[in-house]
Protein chains: 4
Amino acid sequence: MFFQIDFSNGLPVYQQVVRQVKFAVAGGALQAGELVPSVRELSRELAINPNTVARAFRQLQADGVLESVRGMGLQVAAGAQQQCRDERVKLIRQRIQQVFVEARQSRLAADELRALVDGELAAIEQLEV
Amino acid sequence: MFFQIDFSNGLPVYQQVVRQVKFAVAGGALQAGELVPSVRELSRELAINPNTVARAFRQLQADGVLESVRGMGLQVAAGAQQQCRDERVKLIRQRIQQVFVEARQSRLAADELRALVDGELAAIEQLEV
Amino acid sequence: MFFQIDFSNGLPVYQQVVRQVKFAVAGGALQAGELVPSVRELSRELAINPNTVARAFRQLQADGVLESVRGMGLQVAAGAQQQCRDERVKLIRQRIQQVFVEARQSRLAADELRALVDGELAAIEQLEV
Amino acid sequence: MFFQIDFSNGLPVYQQVVRQVKFAVAGGALQAGELVPSVRELSRELAINPNTVARAFRQLQADGVLESVRGMGLQVAAGAQQQCRDERVKLIRQRIQQVFVEARQSRLAADELRALVDGELAAIEQLEV
DNA sequence: GTGGTCTAGACCACG
DNA sequence: GTGGTCTAGACCACC
């Protein structure tokens, strides 16, 4: 797998796993019906405890992204790709709204905010090129 | 005081207090040399635990925004206003960067992101008018 | 064969096979002395692991429904039909008891329960017509 | 608390806790806004591992029955009572349907089934008196 | 081999 | 005191 865990980041490890699986599904790296790596395998690969991976997978099942196949493992649910895409956009929109509201609460002027955003947007786009 | 605590918001209460004090200083609502309300008074007013207020004030002292005056309480430090203004911009820039990096990690296309941002920016600006 | 496996149903696959064989015997679809399909044939037909079918057949032998015939395979035991009929009624009675006890534990009122049961009983009878 | 765990019952312990909390909320034994016993307290009382209780509470939060109050504990969410009542009826109806469908699949005659159900219903009602 | 459950004990942030 | 996270190791049923 191509996941990566950032332990210094405050975000709980199991949530990082959840997010990265969802992103992989949204991006098509994990196709519907495909078996995801086993709990033990992924835990070995990421050097984290199997229980932590299991918890992430449990969450993903509750979210309808994965489904269990008895004795075989966990597979990506049908329709999960569209769901993950929608969720991704929704999540990012929320985060953006949150920041903007915060900026407004701090009485940052609208043009200052716009300048900040444009600068960072340009920066991130250059990275992608 | 004019602070307001949002318990349903995941943000720790003491950090909400810290932020709001800093914003008040940045915006000039709290002037350098001015005494802030006592721990007990503020805790009563916001209906939160005195320990929580004390913790926020401890943080504000560590950040150099407040300083203790023997027998009087805590006052806004000299030069705190400029510091809070800088911090505010820096904080918001960080948050924006964070969101953009996250969006990039989720492989959201650059133009999709820009569209999202522009939409939300317009929305927040309309609110301000 | 006319069996059907439901993977999304929590019930273990091998138990589904056991149950369906017993129902077939009870209903007369499988007569005493008749040879059941081989493990390999049935596993191919149901698209399940041969080990799973073998386990189901082992269970059915232990229950006295099937018996092995050297070099021939497995046949339905004499007297299995009556046994399967009795077992069927007993099993369903158990399930009903279980549901009712659960309903009682949840403090559902007796008349509410009776109304629920009558409604569903009417529904299932209409389906059969 | 008045909960009771049955270890010999195949049902996972954490699910038993979830169910009993929901039943308590549905029945009004736990009112909205009320704090439920702490993880440690309940785990001591039921003689089970705190993690197991925590897992049940996590599930109850995901189901919208409990909500966390920072540093204080977990309280019953507003509107949880109605939700738990609906869920209870829906759950039992599902179970009843399941049994009836199973009975039909086993080709049990409709009048045999009705006789079975009436007998067990009478039995359970006598217990309640 | 697979996931699922449970225990035990540790550390953290928060009020 | 509270819940939340993580680790470690055990046992189970199922395929």
Side-chain angles (χ1 to χ4, degrees), chain A residues 5 7 9-17 35-43 46-61 66-75, chain B residues 5 7 10-18 39 43 46-56 59, chain C residues 5 7 10-17 43 46-56 59, chain D residues 5 7 9-17 35-43 46-61 66-75:
Chain A
I5 301 301
F7 292 96
N9 174 4
L11 201 65
V13 175
Y14 82 95
Q15 283 182 22
Q16 294 187 42
V17 176
L35 285 176
V36 298
S38 78
V39 169
R40 291 163 173 84
E41 185 184 341
L42 191 53
S43 73
L46 298 179
I48 61 181
N49 191 290
N51 274 330
T52 304
V53 177
R55 180 168 178 186
F57 282 3
R58 214 180 303 137
Q59 174 83 45
L60 286 161
Q61 280 183 273
L66 296 186
E67 52 193 20
S68 150
V69 188
R70 302 184 69 92
M72 296 297 298
L74 297 166
Q75 70 181 10
Chain B
I5 301 300
F7 291 96
L11 203 64
V13 176
Y14 84 97
Q15 284 182 23
Q16 293 187 43
V17 176
V18 168
V39 168
S43 72
L46 299 178
I48 61 181
N49 194 303
N51 281 331
T52 306
V53 177
R55 181 167 180 181
Q59 174 82 44
Chain C
I5 301 301
F7 290 96
L11 203 65
V13 176
Y14 82 97
Q15 283 182 24
Q16 294 188 42
V17 176
S43 71
L46 300 178
I48 62 181
N49 193 302
N51 281 330
T52 305
V53 177
R55 181 166 181 183
Q59 174 83 42
Chain D
I5 300 300
F7 292 96
N9 174 4
L11 202 65
V13 175
Y14 82 96
Q15 282 183 23
Q16 294 187 43
V17 176
L35 285 177
V36 298
S38 76
V39 169
R40 291 163 173 84
E41 184 184 342
L42 192 53
S43 72
L46 299 179
I48 61 181
N49 190 289
N51 275 331
T52 304
V53 177
R55 178 167 179 186
F57 282 3
R58 216 180 302 137
Q59 173 85 44
L60 286 161
Q61 280 182 275
L66 297 185
E67 53 192 20
S68 150
V69 188
R70 304 184 66 93
M72 296 296 298
L74 296 166
Q75 71 181 10

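Order of the sequence lines fixes the chain letters, A, B, ..., with proteins taken first and strands second; residue numbering starts at 1 for each chain. Keep in mind that what you see is a predicted model, and the values were worked out from it rather than measured.
- For Q75(D), the side-chain hydrogen bond (donor to acceptor under 3.5 Å, both in side chains) criterion is met by E67(D), not counting sequence neighbours.
- The two residues E41(A) and S38(A) come nearest to each other via the heavy atoms N-OG, 3.0 Å.
- Helical stems in DNA chain E, defined as runs of 3 or more consecutive Watson-Crick or G-U wobble pairs with both donor-acceptor distances under 3.5 Å, are listed by first residue as E:1-14 with F:1-14.
- For Q59(B), the side-chain hydrogen bond (donor to acceptor under 3.5 Å, both in side chains) criterion is met by D63(B), not counting sequence neighbours.
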Checking side-chain contact (heavy atoms from CB on, under 4.5 Å) for the pair F7(B)/V69(D): CA distance, chi angles, key distance, verdict?
-> CA-CA 8 Å; F7(B) 291 96; V69(D) 188; over 6 Å; no
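- Here dC15(F) presents its P atom at 14 Å from CD of Q75(A), a figure rounded to the nearest Å.
- Considering every non-hydrogen atom in both Q16(C) and L11(C), the closest pair reads NE2-O, 2.9 Å.
- Qualifying side-chain hydrogen bond (donor to acceptor under 3.5 Å, both in side chains) partners for R70(D), counting only residues two or more places apart in sequence or in other chains: none.
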Return a table of donor-acceptor pairs under 3.5 angstrom between the side chains of residues 46-57 of chain D and protein atoms on other chains or two or more places apart.
residue	atom	partner	partner atom	Å
N49(D)	OD1	N51(D)	N	2.7
R55(D)	NH2	Y14(D)	OH	3.3

In B/S/- notation (B base, S sugar-phosphate only, - none; protein heavy atoms under 4.0 Å), nucleotides 1-7 of chain E written 5' to 3' is BBBSBBB
